[in-house]
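Here is the structure we will look at, set down as structure tokens.
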Amino acid sequence: LPRFLSVDEALLCYRFAQNQWEIDPQNVKYQQTFYLFLLLYGLGLRISEAIEVTWSQYHPTQKYIEIIRKGGKIRRIPIPEFIDQHLRKIQYPNKSCHIVPGPISASKGYQLMRELGQQVGLNKTLNPHSLRHSFATHLLNDGVSLRSIQELLGHSSLAATQRYLHLNTAELSRVLDQKHPLCLKNEQQTD
């Protein structure tokens, strides 16, 4: 399984990338790092999707991004307000331009995320898939249904989503205590 970030680590990366970009908004590397991070962790995109998405796929009125999948299938990913606000700040030359300025290669995307992780002092290597994994894990831990996460990630089967999502043991124990019929029956007997 890929490693994932804690929420605090993800926020640290976000703030660092945002600060770099805001200090020097004309720096292409800072733009690439910040917007790639937003697409990977903020929307859970695959690296191939994040580096290919263009402004023509961004629909600000309806607040979604269209991802064109294999076979021409279209997946619509809702855009949270905080990401939409960042996207609206960018002055892009035309609709055919990539959201992550470039275009860049997947290996360049890996390099940018690895450098971001090093700059914030993570004890693990940061990569695009660990951000996607973190996106899914954090949503699941906050109560988003596995089926919703499957849809957001674009997995064709629920089994694909379950493969790399996990809950911590304490969370599973809490759920069992609250929901298992035997636990509920024991509570009723003590009342």
Side-chain angles (χ1 to χ4, degrees), residues 2 4-5 10-11 13-117 119-120 126-139 144 148-157 160-161 164:
F4 66 96
L5 302 179
L11 291 174
C13 290
Y14 166 74
R15 288 183 189 118
F16 184 87
Q18 180 184 19
N19 286 339
Q20 276 190 315
W21 174 71
E22 287 177 347
I23 289 168
D24 188 0
Q26 300 308 311
N27 185 310
V28 174
K29 183 177 178 181
Y30 294 166
Q31 291 174 18
Q32 290 171 335
T33 300
F34 183 57
Y35 284 94
L36 184 59
F37 180 86
L38 281 180
L39 295 176
L40 295 170
Y41 178 69
L43 298 178
L45 298 186
R46 296 172 179 92
I47 183 67
S48 59
E49 296 167 338
I51 63 175
E52 291 296 322
V53 69
T54 64
W55 288 104
S56 65
Q57 294 167 263
Y58 167 55
H59 300 273
T61 308
Q62 297 91 358
K63 290 193 179 177
Y64 68 84
I65 286 181
E66 281 183 342
I67 299 298
I68 301 164
R69 298 171 57 189
K70 296 173 189 169
K73 293 181 183 177
I74 294 176
R75 178 168 115 240
R76 289 186 174 159
I77 301 172
I79 303 172
E81 184 61 33
F82 79 96
I83 292 178
D84 191 51
Q85 288 174 5
H86 286 301
L87 293 176
R88 289 174 185 268
K89 290 178 187 177
I90 296 178
Q91 300 297 317
Y92 53 91
N94 65 55
K95 291 244 183 207
S96 65
C97 290
H98 292 88
I99 291 177
V100 176
I104 66 170
S105 65
S107 61
K108 174 71 173 178
Y110 271 83
Q111 177 188 345
L112 291 170
M113 293 303 100
R114 186 172 43 254
E115 289 174 4
L116 175 61
Q119 290 170 321
V120 300
L126 183 62
N127 66 62
H129 195 69
S130 65
L131 289 170
R132 180 173 158 85
H133 185 77
S134 300
F135 165 83
T137 300
H138 297 162
L139 290 177
V144 176
S148 295
I149 294 169
Q150 173 194 357
E151 197 65 30
L152 289 169
L153 294 176
H155 288 158
S156 56
S157 73
T161 308
Y164 71 99

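Residue pairs satisfying the side-chain hydrogen bond (donor to acceptor under 3.5 Å, both in side chains) criterion with at least one member in residues 23-36, sequence neighbours excluded, are listed as follows: Lys29-Glu115.
Using a 30° and 60° split on the angle between ring planes, Phe34 and Trp21 fall in the parallel class, below 30°.
Between Glu52 and Gln57, the closest side-chain pair of non-hydrogen atoms is not below 4.5 Å. In this structure, the side chains of Leu126 and Arg114 stay at 4.5 Å or more apart for every pair of heavy atoms. Between Leu112 and Phe37 the shortest side-chain heavy-atom distance does not fall below 4.5 Å. Side-chain contact between Ile99 and Leu38: absent, with no pair of heavy atoms (C-beta onward) separated by less than 4.5 Å. Looking only at side-chain heavy atoms (C-beta outward), Ile83 and Leu39 stay at 4.5 Å or farther from each other.
From Ile79, atom CD1 reaches atom NE2 of His86 across 12.5 Å, with rounding to the nearest 0.5 Å. Atom CG of Leu131 is separated from atom NE2 of His138 by 9.5 Å, given to the nearest 0.5 angstrom. How far OH of Tyr64 is from CG of Leu43: 14.0 Å, rounded to the nearest 0.5 Å.
Partners of Phe135 according to the ring pair (Phe, Tyr, Trp, His ring centres under 6.0 Å) rule, which considers only residues two or more places apart in sequence or in another chain, do not exist here.
Judged purely by atom type and a 3.5 angstrom limit, Asn94 uses its side chain to pair as donor or acceptor with the backbone of Cys97. Remark: the backbone N or O of His133 is paired with a side-chain donor or acceptor of Thr137 at under 3.5 angstrom. When atom types are taken as modelled, the side chain of Gln20 and the backbone of Ala17 share no donor-acceptor pair closer than 3.5 angstrom. In terms of modelled atom types and a separation under 3.5 Å, the side chain of Arg75 and the main chain of Leu152 share a donor-acceptor contact. Although no hydrogens or angles enter the test, the distance criterion places a donor-acceptor pair under 3.5 Å between the side chain of Arg132 and the main chain of Gly44. When atom types are taken as modelled, the side chain of His129 and the backbone of Ile47 share no donor-acceptor pair closer than 3.5 angstrom.
For the residue pair Glu151/Ser148, the side-chain donor-acceptor check at 3.5 Å is not satisfied.
Within 6.0 Å of the NZ atom in Lys73, the count of heavy atoms belonging to other residues, nucleotides or ligands does not exceed 12.
Contact detail for Leu36 and Gly109: the closest heavy-atom pair is CD2-CA, 3.5 Å.
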